[in-house]
Number of protein chains: 2
Amino acid sequence: MVSIKDVAKKANVSISSVSNALNGRANVSEETRKRIVEIAKEMNYYPNTMARNLKVKRTKTVALCFSEFDRNFYFQIIKGINDCVVHNGYDLIICAHHSIEKFLRNGFIDGAMVLDKNVSDELILSAVSDELPIVVLDRELEGKNIYSVVVDNYRAMRDLVNELIVKGYTRFSYVSGVEHTQDNIERYEGMKDTLNEKGIEFISKNYYHGDFTEKSGYQSAKLMIISKNIPEVVICANDNMAIGVIKAFKESDIRIPEDVSVIGFDDIELANYLEPHLTTISTPKYEWGMYAATILFRILVEHEESIIPNKIQANIRWRQTSR
Amino acid sequence: MVSIKDVAKKANVSISSVSNALNGRANVSEETRKRIVEIAKEMNYYPNTMARNLKVKRTKTVALCFSEFDRNFYFQIIKGINDCVVHNGYDLIICAHHSIEKFLRNGFIDGAMVLDKNVSDELILSAVSDELPIVVLDRELEGKNIYSVVVDNYRAMRDLVNELIVKGYTRFSYVSGVEHTQDNIERYEGMKDTLNEKGIEFISKNYYHGDFTEKSGYQSAKLMIISKNIPEVVICANDNMAIGVIKAFKESDIRIPEDVSVIGFDDIELANYLEPHLTTISTPKYEWGMYAATILFRILVEHEESIIPNKIQANIRWRQTSR
DNA sequence: TTGTAAGCGTTATCAT
DNA sequence: ATGATAACGCTTACAA
């Protein structure tokens with residue numbers, strides 16, 4: 001690996017002149033600057049980032065902690081993040097939760113985003129600092145230099161249920177995601193509260209325990225069928241479970257939406273390709289990522305303080321699985 | 001940021017003792033070792049990776065260059081890569097083509113993988129070295145310390161066409177991907193050569209110019225319909241175009257597979273959810289990534305030389321869009 | 001305009 | 001067993 005020393009030797013100047021020349025500083029004659037640049041290029045010299053970062057404190061790199069490569073739901077979020085990062089002239093590295101400590105602790109990054117449930121709150125709270133603001137997308141977390149950018153599940157669900165009631169639906173079932181997750185709780189509460197307000201009681205036998213997987217949706221619907229407890233509409237805590245629900249109903253020749261409506265949450269790519277197309281709540285993934293990164297840069301480059309991020313608003317996509 | 005110096009001061013020892021203690025070296029008494037470890041923990045000390053890497057040459061980090069966050073086809077590949085990297089005790093960073101130079105040039109990584117057409121061959125060839133082996137997944141590239149792990153498109157297509165001929169198909173159409181891409185060329189050649197061998201001439205009016213997008217598949221099928229040139233089977237250079245083709249046929253009430261069969265390539269997630277389920281060629285994505293990373297580690301940790309990677313074999317998934 | 005030298009946070013060599 | 005000290009490759013005051 002060719003170092004600044006090698007370039008200096010070949011150019012017959014001191015290393016500081018090389019540094020100055022290459023960093024476009026004024027204190028070097030145009031003539032030598034040219035020569036140095038040329039020699040550097042011809043020697044294929046690139047400054048060692050680590051050595052540089054050891055000196056200057058800014059690295060112009062931010063990290064995204066992410067490891068759920070199974071769920072392609074996330075990739076539009078990442079795209080949004082990436083576009084914003086590039087636009088700000090920074091570099092993005094994505095690393096899995098296994099590696100995040102390595103990057104969080106050591107001044108290699110100027111800021112971070114977290115989209116990985118495997119990372120504990122404690123880790124985040126212990127890593128965050130004035131020199132390392134963190135934006136989290138997968139939880140709500142309070143603290144100095146920490147910013148949460150999450151979807152407003154509760155409100156989206158309220159909007160949905162209100163509209164369903166207007167359409168005349170009264171008998172609801174709910175297929176839950178993993179019980180203790182914030183997403184699931186907010187989505188469920190949104191539904192329940194709205195029903196209650198409208199004088200519709202939600203009884204617990206219409207609550208089915210899922211875990212966000214297609215399979216758990218399938219099994220929940222099977223249960224409805226066996227127990228002859230088919231509602232007018234089944235609201236699923238996410239699309240994957242809705243897909244499972246639909247599959248089970250289809251197998252029993254229960255028509256959608258004539259016999260029962262099915263509604264998901266997330267608006268994954270599949271939702272619009274299924275037969276029938278899935279009515280769901282669309283979280284604007286690209287904008288979500290973009291906004292999260294924007295928040296980070298408002299701190300990083302604008303040095304804004306006391307930002308309170310807005311929640312991301314999700315919207316209903318009426319399609320064919322509902323009337 | 002607390003440094004080794006701070007720990008040394010607080011523990012009343014020299015920095016070398018701290019370093020030795022924390023790195024589990026023998027030349028430090030058990031007693032002081034314990035004290036130092038304790039103090040380090042209580043001070044929340046983590047060694048600065050960059051400073052360390054400046055000294056020792058191994059970073060135990062590899063990079064994946066990737067930026068097509070639009071095509072979720074890729075994510076299982078990344079998962080395979082990530083699992084292998086973690087299994088070897090390394091860290092993975094994923095960075096987009098914009099940033100790759102920064103990491104390729106500066107000794108921050110021990111090795112790299114490339115899955116990004118935006119990276120030029122020249123860049124790869126100029127960055128590769130004994131200290132930085134590179135595995136490419138998206139092209140075939142020759143050179144010292146460069147290894148290509150690609151899918152055997154040609155063979156898969158030969159297998160497919162041979163079986164189709166056995167099934168009695170004789171009238172083929174082909175919807176191409178972006179013309180000059182290796183994937184497209186190999187897939188097309190595989191089809192054409194096999195047909196020729198079996199005495200079936202492939203005429204150019206049955207070749208439709210697509211670009212791997214659903215839309216281009218849709219338009220190609222529209223063209224077939226308008227020109228009343230519907231074959232027995234249309235082979236698409238990827239699944240997305242097959243989806244477009246199917247959509248167009250459906251709109252014209254052309255039945256699949258009764259009137260025409262449609263076959264894709266890739267086996268994206270959608271393929272198995274479409275109605276009818278798409279017959280396609282499945283590239284084992286997880287294994288592909290896993291294998292590519294494995295090659296890298298055979299060089300990195302086993303110091304193997306002169307490895308000639310096998311091509312990844314793809315397999316036909318007979319489903320409902322073909323007879 | 002140019003060069004010298006200190007320092008960033010480590011590890012490693014060599015005295016002690 | 002412990003501690004100075006050089007070195008990694010760079011930036012940056014400061015001196016020349």
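If you're wondering where the values come from, they're calculated on a predicted model, not measured in any experiment. Every chain is numbered from 1 and lettered A, B, ... according to where its sequence line falls, protein lines coming before strand lines.
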Exercise. Can you tell me how far C1' of C:dA12 sits from CD1 of B:I15, to the nearest Å?
Worked result: 11 Å
Exercise. Which one, C:dG9, D:dT12, D:dG3, comes nearest to the side chain of B:S3?
Worked result: C:dG9
For this session: Look at the side-chain N and O atoms of B:R52 and state whether any lies under 4.0 Å from the OP1 or OP2 oxygen of C:dG9.
Result: no
Exercise. In whole angstroms, how far is the C1' atom of C:dG3 from the NZ atom of A:K9?
Worked result: 16 Å
Exercise. Side chains of A:N53 and A:T59: is there a donor and an acceptor less than 3.5 Å apart?
Worked result: no
Exercise. What's the closest nucleotide to the A:K55 side chain, out of D:dC10, C:dG3, C:dG9?
Worked result: D:dC10
Problem set entry | From A:D6 atom CG to A:N44 atom CG, the distance as rounded to the nearest 0.5 Å | 12.0 Å
For this session: Taking only the side-chain heavy atoms of A:K5 (C-beta and beyond), determine which of C:dT1, D:dC10, D:dC8 contains the nearest atom.
Result: D:dC8
Exercise. Of all the choices, D:dT11, C:dT11, C:dA12, which nucleotide is nearest to the side chain of A:S19 once you look at every atom?
Worked result: D:dT11
Exercise. Is the shortest side-chain N/O distance from A:N23 to OP1 or OP2 of D:dT11 below 4.0 Å?
Worked result: yes
Exercise. Are OP1 or OP2 of D:dT12 and a side-chain N or O of A:N20 less than 4.0 angstrom apart?
Worked result: no
Problem set entry | Atom pair distance, as rounded to whole Å: CE in A:M50 and C1' in D:dC8 | 9 Å
Exercise. Are more than 12 heavy atoms from other residues, nucleotides or ligands located less than 6.0 Å from atom NE2 of A:H303?
Worked result: yes
Problem set entry | Listed nucleotide nearest any side-chain atom of B:S14, set D:dG3, D:dC10, D:dT12 | D:dG3
Exercise. Within the structure shown, what part of the strands sits under 4.0 Å from A:A21 by heavy-atom distance: base, sugar-phosphate, or nothing?
Worked result: nothing
For this session: Take the protein atom CG of A:N48 and the nucleotide atom P of C:dC8, then report the distance between them rounded to whole Å.
Result: 18 Å
For this session: Return no unless some side-chain N or O of B:T32 is found under 4.0 Å from OP1 or OP2 of D:dT2.
Result: yes
Seminar exercise, completed: The answer to which of A:Y46 and B:N12 contacts DNA chain D further toward the 5' end, by nearest nucleotide, is B:N12
Exercise. Under 4.0 Å between a Lys/Arg side-chain N and an Asp/Glu carboxylate O for B:R71 and B:D266?
Worked result: yes
Exercise. B:A51 side chain: which of D:dT11, C:dT10, D:dG3 is closest?
Worked result: C:dT10
Exercise. Will you find, in the side chains of B:E269 and B:N72, an N or O donor that is under 3.5 Å from an N or O acceptor?
Worked result: no
For this session: Quickly work out the B:I4 CD1 to C:dA12 C1' distance and round it to whole Å.
Result: 12 Å
Exercise. In this structure, are over 12 heavy atoms from other groups packed under 6.0 Å from B:K311 atom NZ?
Worked result: yes
Exercise. Closer than 4.0 Å, any side-chain N/O of A:Y45 to the OP1 or OP2 of D:dC10?
Worked result: yes
Exercise. Below 4.0 angstrom from OP1 or OP2 of D:dT2, is there any side-chain N or O of B:S29?
Worked result: yes
For this session: Using heavy atoms to find the nearest nucleotide of DNA chain C for B:M1 and B:R25 separately, return the residue whose nucleotide is more 5′.
Result: B:M1
Exercise. Under the 3.5 Å rule, do the base of C:dT1 and the side chain of A:S17 count as making a donor-acceptor pair?
Worked result: no
Exercise. Separation of B:M43 atom CE from C:dG9 atom P, in whole Å?
Worked result: 13 Å
For this session: Looking only at side-chain atoms of A:N27, point me to the closest of D:dC10, C:dT1, C:dG9.
Result: C:dT1
For this session: Check the distance between D:dG9's P and B:N53's CG and give it to me in whole angstrom.
Result: 13 Å
Exercise. Taking the side chain of A:L54 as heavy atoms from C-beta outward, which of C:dG9, D:dT12, D:dC10 is closest to it?
Worked result: C:dG9
Exercise. What integer distance in Å separates B:D6:CG from C:dC8:P?
Worked result: 11 Å
